[in-house]
Amino acid sequence: TLTATSGLDTYLWSTGAIENTITVNQIGTYTISVTKTVGDLFYEETKTITVVESDVPIIKDIKITDWTQHRNTIEVVTQEGFSYKYSLDGMTYQDDHRFTNVDIGNYTVYVSDKNGCGITSKEVFLFFYPQYFTPNGDGFHDTWQIYNAERDPNIKTYIFDRFGKLLAQLGPNDLGWDGTMNGIQMPSSVYWFLVERQDGTTQKGHFSLFR
């Protein structure tokens, strides 16, 4: 809706309309010429209004780089040609669609249209792994599992000893590796893992078992 000041004598829009208010549904440039006579004085003025396209944001993809505690990145991919701002808490927004030095954890990405046409949000889960575990039955760090594994329904984790022997395979809802193979306790040592995620990416690393 484009509205000119009321109470003038004449209105002429570039669309041909002669009212002070018009409704448009196309992007583009619109002009209005108005006149007003006060006593012997005649006033005339022309204004130009530019209408741009805007819509509720659509998040096409979210690219993450994780597996660190404090140096993760979240990159939001949206439609091109629109003016958006981005936030990880719904309160503090930035123009950059990329967040860096993000701590491990769960987040909600908010994308807001700068022209006030709405906000879209999507959850993001960053993955990480414990550096060690201590399966001694004290209730602390007794098993080893990928943080947020349950968020990826098809994630698979393989655990190997230093000679490359497969010791365990974990699914997303498993409690984790308890440090045994066929009921036999594995010794304190460094162990290796391979993670295959639903999106096809893989991650390798190692961790320590302390007894």
Side-chain angles (χ1 to χ4, degrees), residues 27 50-133 141 143-162 164 166-178 190-209:
I27 62 173
T50 300
V51 177
V52 298
E53 184 177 12
S54 193
D55 205 346
V56 175
I58 295 177
I59 299 176
K60 298 174 64 176
D61 191 17
I62 295 181
K63 300 178 180 179
I64 60 175
T65 303
D66 47 3
W67 298 101
T68 69
Q69 285 187 305
H70 309 293
R71 300 188 306 277
N72 305 292
T73 62
I74 298 174
E75 182 178 354
V76 188
V77 181
T78 55
Q79 297 168 291
E80 296 182 358
F82 293 87
S83 183
Y84 298 142
K85 53 185 179 180
Y86 307 84
S87 174
L88 289 182
D89 60 12
M91 296 180 290
T92 303
Y93 282 85
Q94 63 182 43
D95 291 335
D96 192 352
H97 69 289
R98 191 169 185 265
F99 299 90
T100 59
N101 298 321
V102 181
D103 291 341
I104 185 69
N106 304 331
Y107 296 90
T108 299
V109 171
Y110 298 88
V111 181
S112 176
D113 177 67
K114 289 185 177 181
N115 295 307
C117 285
I119 299 176
T120 300
S121 63
K122 187 174 183 179
E123 289 185 304
V124 176
F125 311 105
L126 302 181
F127 289 78
F128 190 55
Y129 62 94
Q131 302 292 323
Y132 69 93
F133 77 119
H141 309 295
T143 60
W144 186 94
Q145 172 65 295
I146 299 295
Y147 293 145
N148 277 335
E150 72 279 3
R151 303 291 186 176
D152 189 330
N154 294 317
I155 194 172
K156 295 179 181 178
T157 304
Y158 304 91
I159 299 174
F160 307 87
D161 64 14
R162 59 178 179 155
L166 179 63
L167 303 178
Q169 177 179 335
L170 303 176
N173 297 312
D174 292 333
L175 293 178
W177 186 44
D178 62 1
V190 175
Y191 293 86
W192 298 82
F193 70 86
L194 168 65
V195 174
E196 297 176 348
R197 292 168 67 169
Q198 180 177 344
D199 61 6
T201 60
T202 61
Q203 180 73 25
K204 297 178 179 179
H206 57 82
F207 60 94
S208 297
L209 185 160

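Since this is a predicted model, take the numbers as computed values, not measurements. Below, all heavy atoms of this structure are taken into account, side chains as well, without hydrogens, waters or symmetry copies. Residue numbers run from 1 in the order of the sequence given.
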**Request:** Give the C-alpha distance, both sets of side-chain angles, the deciding distance and a yes or no for side chain to side chain contact (heavy atoms under 4.5 Å, CB included) between Leu126 and Asn106.
**Result:** CA-CA 6 Å; Leu126 302 181; Asn106 304 331; over 6 Å; no

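- At least one side-chain heavy atom of Ile59 sits under 4.5 Å from a side-chain heavy atom of Val76.
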**Derivation of the side-chain hydrogen bond (donor to acceptor under 3.5 Å, both in side chains) call for Asp103 and Asn72** = CA-CA 6 Å; Asp103 291 341; Asn72 305 292; over 6 Å; no

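- Counting heavy atoms from C-beta on, the side chains of Glu75 and Ile62 never come closer than 4.5 Å.
- In plain terms, the two heavy atoms of Pro172 and Ala149 that are nearest each other are CB-O, 3.3 Å.
- Between Tyr93 and Leu88 there is no side-chain heavy-atom pair separated by less than 4.5 Å.
- For the ring-ring contact (aromatic ring centres under 6.0 Å, His included) test with Trp177, the passing option among Phe193, Tyr191, Trp144 is Tyr191; the others fail.
- Here Arg197 pairs with Asp66 under the salt bridge (charged side-chain N to carboxylate O under 4.0 Å, His left out) rule; sequence neighbours left out.
- Note that the OG1 atom of Thr157 and the OH atom of Tyr129 stand 12.5 Å from one another [nearest 0.5 Å].
- Among all heavy-atom pairs drawn from Gly118 and Pro57, the shortest one is O-CD, 3.4 Å.
- Looking at Phe160 and Leu194, their side chains come closer than 4.5 Å, going by heavy atoms from C-beta outward.
- Here the straight-line distance linking atom CD1 of Ile104 with atom CD of Gln69 works out to 8.5 Å at 0.5 Å rounding.
- Contact detail for Gly176 and Leu170: the closest heavy-atom pair is C-CD2, 3.8 Å.
- In this structure, OH in Tyr110 is found 14.0 Å from NZ in Lys85, a value given to the nearest 0.5 Å.
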**Asked** Would Asn115 and Val52 count as a side chain to side chain contact (heavy atoms under 4.5 Å, CB included) if you check the C-alpha gap in whole Å, the side-chain angles of each, and the deciding distance to 0.1 Å?
**Response** CA-CA 9 Å; Asn115 295 307; Val52 298; 4.3 Å; yes

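- Taken from CG in Asp152 to CD in Gln198, the straight-line distance is 5.0 Å, to the nearest 0.5 Å.
- Pro130 places none of its side-chain heavy atoms less than 4.5 Å from the side chain of Phe207.
- Summarising the geometry of Lys60 relative to Gln79, their closest heavy-atom pair is CD-N, 3.9 Å, with the distance given to 0.1 Å.
- A 4.5 Å side-chain heavy-atom check between Arg98 and Thr73 finds at least one atom pair inside the cut-off.
- The pair Asp95-Lys114 meets the salt-bridge criterion, since a charged nitrogen lies less than 4.0 angstrom from a carboxylate oxygen.
- Side chain of Asn148 to backbone of Arg151: no donor-acceptor contact under 3.5 angstrom is found.
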**Request:** Mind running side chain to side chain contact (heavy atoms under 4.5 Å, CB included) on Val111 and Ile119 for me, showing each step along the way?
**Result:** CA-CA 6 Å; Val111 181; Ile119 299 176; over 6 Å; no

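- Ring geometry, Phe82 versus Tyr84: the interplanar angle falls under 30°, so the pair is classed parallel (tilted spans 30 to 60°).
- Taking OH of Tyr132 as the start and CG of Leu209 as the end, the distance is 12.0 Å to the nearest 0.5 Å.
- By the 4.5 Å heavy-atom criterion applied to side chains, Val102 and Tyr107 are counted as neighbours.
- Between Phe128 atom CZ and Gln203 atom CD the span is 10.0 Å, to the nearest 0.5 Å.
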**Request:** Apply the test side chain to side chain contact (heavy atoms under 4.5 Å, CB included) to residues Gln145 and Asp174: give CA-CA distance (whole Å), side-chain angles for both, the deciding distance (0.1 Å), then the verdict.
**Result:** CA-CA 8 Å; Gln145 172 65 295; Asp174 292 333; 4.2 Å; yes

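- Between Thr92 and Ser87 the shortest heavy-atom distance is O-OG, 2.8 Å.
- No side-chain heavy atom of Ile58 sits less than 4.5 Å from a side-chain heavy atom of Thr78.
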